[in-house]
Student: 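Take this structure first; my questions come after.
Atoms considered below: every heavy atom in the structure, side chains included; atoms not considered: hydrogens, waters and symmetry mates.
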Amino acid sequence: MVRTIFLDRDGVLNRKMPEGRYVTSTSEFHPLPGVPHAIARFNRAGLRVIVVSNQRGIALGLYTAEDVRLIHESFQRDLAQQKARVDAFYFCPHDKNECDCRKPLPGLFEQAQAEFPGIAGESSVMIGDSWSDIEFGRRLGMKTVFIEGDPEFQKPGAESARDLADLRLASLGEAADALLADLSTLQSPR
């Protein structure tokens with residue numbers, strides 16, 4: 001039974017920048033069509049919604065952890081206007097090979113589990129647009145959903161991620177449709 005939805009940020013919730021560029025401020029954070037509605041549907045279904053994001057640009061000195069928090073606070077305010085919410089945001093501020101929280105390593109999941117002890121991999125879904133997202137979910141025993149997104153902005157390894165994922169869909173809205181249809185089938189009396 002699914003209880004928690006883990007979401008990658010860039011490319012799933014908001015328009016992704018070209019490879020090598022980063023969302024550094026609220027003015028560069030542009031939610032994708034249908035995202036607030038999809039999150040609201042997860043909320044109404046009683047699912048916990050958690051964002052897990054690698055934010056390497058902090059380690060590169062392009063923006064700060066406070067900039068990321070401000071982006072998330074602004075997004076949360078926008079969601080609230082549409083009766084939606086993210087239960088928590090976790091991000092890795094490190095460069096490659098510096099920590100255990102950079103996806104696909106489990107640190108962000110462990111941070112979420114510390115705050116929400118009921119979280120378990122087998123009752124969670126990871127929705128992302130890169131190999132590190134899908135591998136993160138797979139390592140933790142989650143169902144995985146690959147969001148196709150704009151092919152021009154896909155990271156190297158997207159083809160592998162597509163092949164590894166349990167589902168491949170075009171948007172978070174389509175993921176909500178598929179996952180919530182599964183939930184209603186599982187919850188309906190036989």
Student: Going by an N to O cut-off under 4.0 Å, is there a salt bridge joining Asp177 and Arg41?
Tutor: yes
Student: Just how far is it from atom CD1 of Ile119 to atom OG1 of Thr4, taken to the nearest 0.5 Å?
Tutor: 4.5 Å
Student: Can you see which heavy atom on Ser74 is nearest to which on Thr26, and at what distance?
Tutor: CB-CG2, 3.7 Å
Student: Is the shortest heavy-atom distance from the side chain of Ser124 to the side chain of Leu140 under 4.5 Å?
Tutor: no
Student: Applying side-chain contact (heavy atoms from CB on, under 4.5 Å) to Val68 and Phe89, what does each step give before you reach the verdict?
Tutor: CA-CA 10 Å; Val68 173; Phe89 293 87; over 6 Å; no
Student: So, for Pro93 and Phe91, which heavy atoms are closest and what is the spacing to 0.1 Å?
Tutor: CD-O, 3.5 Å
Student: Taking the side chain as C-beta and beyond, is there a heavy-atom pair between Leu70 and Tyr63 under 4.5 Å?
Tutor: no
Student: If you group Ile, Leu, Val, Met, Phe, Trp and Tyr by side-chain heavy-atom gaps below 4.5 Å, do Ile71 and Tyr22 land in one group?
Tutor: no
Student: Is there a side-chain contact between Val2 and Leu179 (heavy atoms, below 4.5 Å)?
Tutor: no
Student: Locate the shortest heavy-atom distance separating Ser53 from Leu108; write the atom from each residue and the value.
Tutor: N-CD1, 3.8 Å
Student: For the pair Glu73 and Arg69, find out whether any cationic side-chain nitrogen is under 4.0 Å from an anionic carboxylate oxygen.
Tutor: no
Student: Membership question, hydrophobic clusters at under 4.5 Å side-chain separation (ILVMFWY): are Met17 and Val51 in the same one?
Tutor: yes
Student: Please tell me if the side chains of Ser171 and Glu174 come closer than 4.5 Å, counting only heavy atoms from C-beta onward.
Tutor: yes
Student: To the closest 0.5 Å, what do you measure between NZ (Lys143) and CG (Leu167)?
Tutor: 5.0 Å
Student: Go through the steps to decide whether Leu169 and Ile127 satisfy the test side-chain contact (heavy atoms from CB on, under 4.5 Å), and finish with yes or no.
Tutor: CA-CA 10 Å; Leu169 300 165; Ile127 302 174; over 6 Å; no
Student: Minimum heavy-atom separation for Asp87 to Phe116, with atom names?
Tutor: O-CZ, 4.0 Å
Student: Please table the atom pairs, donor to acceptor, closer than 3.5 Å between any side-chain atom in residues 5-14 and protein atoms at least two apart or in another chain.
Tutor:
{"from": "Asp8", "atom 1": "OD1", "to": "Lys103", "atom 2": "NZ", "distance (Å)": "2.8"}
{"from": "Arg9", "atom 1": "NH1", "to": "His72", "atom 2": "NE2", "distance (Å)": "3.1"}
{"from": "Asp10", "atom 1": "OD1", "to": "Asn14", "atom 2": "ND2", "distance (Å)": "2.9"}

Student: Restricting to non-hydrogen atoms, name the atom on Ala84 and the atom on Asn43 that form the minimum distance, rounded to 0.1 Å.
Tutor: CA-OD1, 3.3 Å
Student: Working to the nearest 0.5 Å, report the span between SG of Cys92 and CG of Asp100.
Tutor: 8.5 Å
Student: Strictly distance-based, threshold 3.5 Å: is any side-chain N or O of Thr144 a donor or acceptor partner for the main-chain N or O of Asp166?
Tutor: yes
Student: Rounded to the nearest 0.5 Å, how far apart are OG of Ser160 and CD of Glu135?
Tutor: 10.0 Å
Student: Between Thr64 and Glu66, do the side chains contain a donor N or O and an acceptor N or O under 3.5 Å apart?
Tutor: no
Student: Do Leu105 and Arg139 have side chains that approach each other closer than 4.5 Å (heavy atoms only, starting at C-beta)?
Tutor: yes
Student: About how many Å separate CD of Gln76 and CD of Gln81, when rounded to the nearest 0.5 Å?
Tutor: 11.5 Å
Student: Is it the case that one hydrophobic cluster holds both Ile147 and Phe42, taking links as side-chain heavy atoms less than 4.5 Å apart, direct or via other members?
Tutor: yes
Student: Do Phe109 and Val52 have side chains that approach each other closer than 4.5 Å (heavy atoms only, starting at C-beta)?
Tutor: no
Student: For the hydrophobic clusters of this structure (ILVMFWY residues joined by side-chain heavy atoms under 4.5 Å, transitively), does one cluster hold both Val86 and Leu32?
Tutor: yes
Student: Restricting to salt bridge (charged side-chain N to carboxylate O under 4.0 Å, His left out), what partner residues turn up for Asp95, sequence neighbours left out?
Tutor: Arg56
Student: What's the separation between atom CH2 in Trp131 and atom CZ in Arg138, rounded to the nearest 0.5 Å?
Tutor: 10.0 Å
Student: Using a 4.5 Å cut-off on heavy atoms from C-beta on, say whether the side chain of Asp133 contacts that of Met126.
Tutor: yes
Student: Asp129 and salt bridge (charged side-chain N to carboxylate O under 4.0 Å, His left out): which single residue from Arg162, Lys16, Arg168 fits?
Tutor: Lys16
Student: Do Phe75 and Val35 touch side chain to side chain, with heavy atoms closer than 4.5 Å?
Tutor: yes
Student: Please say yes or no: joined through hydrophobic side-chain contacts below 4.5 Å, possibly via intermediate residues, are Ile39 and Val145 part of one cluster?
Tutor: yes
Student: So which heavy atom on Cys101 is nearest to which on His94, and how close?
Tutor: SG-ND1, 3.3 Å
